[in-house]
Amino acid sequence: MCNGSNKENSECLAEILETILSLQQARNESCDDNTCSRPFLGPSNNIVCFNTRPLNLYSCCNNVLWRIPFTLNGTSSTSTVFRIENLDDECATFRVLANNPDTTSMFPYVATEDFFTIRLSCIGALKCLGDTNVTGV
């Protein structure tokens with residue numbers, strides 16, 4: 001746990017994560033909407049709507065980039081890239097994303113079946129990466 005109160009930071013992170021979660025859940029909207037208020041992530045290319053805003057998370061105590069283990073296709077590794085899946089009170093659940101093994105794909109990440117839940121007060125900072133499409137989410 002971090003030194004001192006982290007309530008203000010937690011509230012700020014909750015607002016940001018709620019916005020990202022809402023955008024991800026609105027991914028089924030029409031990809032034809034090319035207005036500023038379009039309810040989905042990424043560019044509108046009429047081929048695919050992006051469904052994920054990948055994140056890096058940093059520890060509240062020392063700003064170290066979080067690394068979480070995962071297993072994909074029988075291979076274990078760690079990742080620093082995550083997708084918000086649920087936000088509940090003071091906690092958030094994230095899915096671990098792995099680098100896409102298909103180097104010819106235009107999408108950099110694939111979904112794993114590894115999840116973790118963390119108290120928002122344990123997150124010191126987050127970094128949003130470029131919107132993308134992740135299959136299996």
>> Would you say Leu57 ends up clustered with Ile16 if hydrophobic residues are merged whenever their side chains have heavy atoms under 4.5 Å apart, either directly or through other cluster members?
In response: yes
>> Working note: Leu23 + Asp131, criterion side chain to side chain contact (heavy atoms under 4.5 Å, CB included); need CA distance, chi angles, decisive distance, verdict.
In response: CA-CA 11 Å; Leu23 287 170; Asp131 294 347; over 6 Å; no
> When rounded to the nearest 0.5 angstrom, what distance separates CG in Leu21 from CD in Glu85?
Replying inline: 8.0 Å
>> As a test of understanding, state which of Phe116, Trp66, Phe115 forms a ring pair (Phe, Tyr, Trp, His ring centres under 6.0 Å) with Phe94.
In response: Phe116
> Closest heavy-atom contact between Leu55 and Cys128?
Replying inline: CD2-SG, 3.6 Å
>> A side-chain contact here means heavy atoms from C-beta on lying under 4.5 Å apart; do Thr117 and Asp88 qualify?
In response: no
>> Just verifying a value: how many Å separate Asn100 CG and Leu72 CG, rounded to the nearest 0.5 Å?
In response: 9.5 Å
>> Looking at every heavy atom in both Tyr109 and Asn99, which two are closest together, and how far apart are they?
In response: CE2-OD1, 3.9 Å
>> Under a 3.5 Å cutoff, is there a donor and acceptor pairing between the side chains of Thr75 and Asn73?
In response: no
> Does Tyr58 sit in a hydrophobic cluster with other residues, and if so which ones, taking ILVMFWY side chains as linked at heavy-atom separations under 4.5 Å, directly or through other members?
Replying inline: Leu65
>> Working to the nearest 0.5 angstrom, can you tell me the gap between Arg119 CZ and Leu13 CG?
In response: 13.0 Å
>> With side chain to side chain contact (heavy atoms under 4.5 Å, CB included) as the criterion, how do Val81 and Asn56 come out once you've worked through the C-alpha distance, each side chain's angles and the decisive distance to 0.1 Å?
In response: CA-CA 5 Å; Val81 183; Asn56 293 139; 4.0 Å; yes
> Would you call Thr112 and Ser79 a side-chain contact if the rule is heavy atoms closer than 4.5 Å?
Replying inline: no
>> Nearest 0.5 angstrom please: Leu97 CG to Thr80 OG1, how far?
In response: 10.0 Å
> So which heavy atom on Val96 is nearest to which on Pro69, and how close?
Replying inline: CG2-O, 4.4 Å
>> Working note: Ile118 + Cys91, criterion side chain to side chain contact (heavy atoms under 4.5 Å, CB included); need CA distance, chi angles, decisive distance, verdict.
In response: CA-CA 5 Å; Ile118 188 169; Cys91 296; over 6 Å; no
> Between Ser121 and Cys60, what is the shortest heavy-atom contact and its length?
Replying inline: O-SG, 3.4 Å
>> Nearest 0.5 angstrom please: Ile68 CD1 to Ser77 OG, how far?
In response: 12.5 Å
>> Could you walk me through whether Leu87 and Leu120 satisfy the side chain to side chain contact (heavy atoms under 4.5 Å, CB included) test, starting with their C-alpha distance in whole Å, then the side-chain angles of each, then the deciding distance to 0.1 Å, before giving a yes or no?
In response: CA-CA 10 Å; Leu87 187 61; Leu120 295 180; 4.1 Å; yes
>> Strictly distance-based, threshold 3.5 Å: is any side-chain N or O of Thr52 a donor or acceptor partner for the main-chain N or O of Pro54?
In response: no
> Just checking, any donor-acceptor pair under 3.5 angstrom between side chains of Ser76 and Thr71?
Replying inline: yes
>> Contact between Arg83 and Arg53 at the side-chain level, heavy atoms closer than 4.5 Å - yes or no?
In response: no
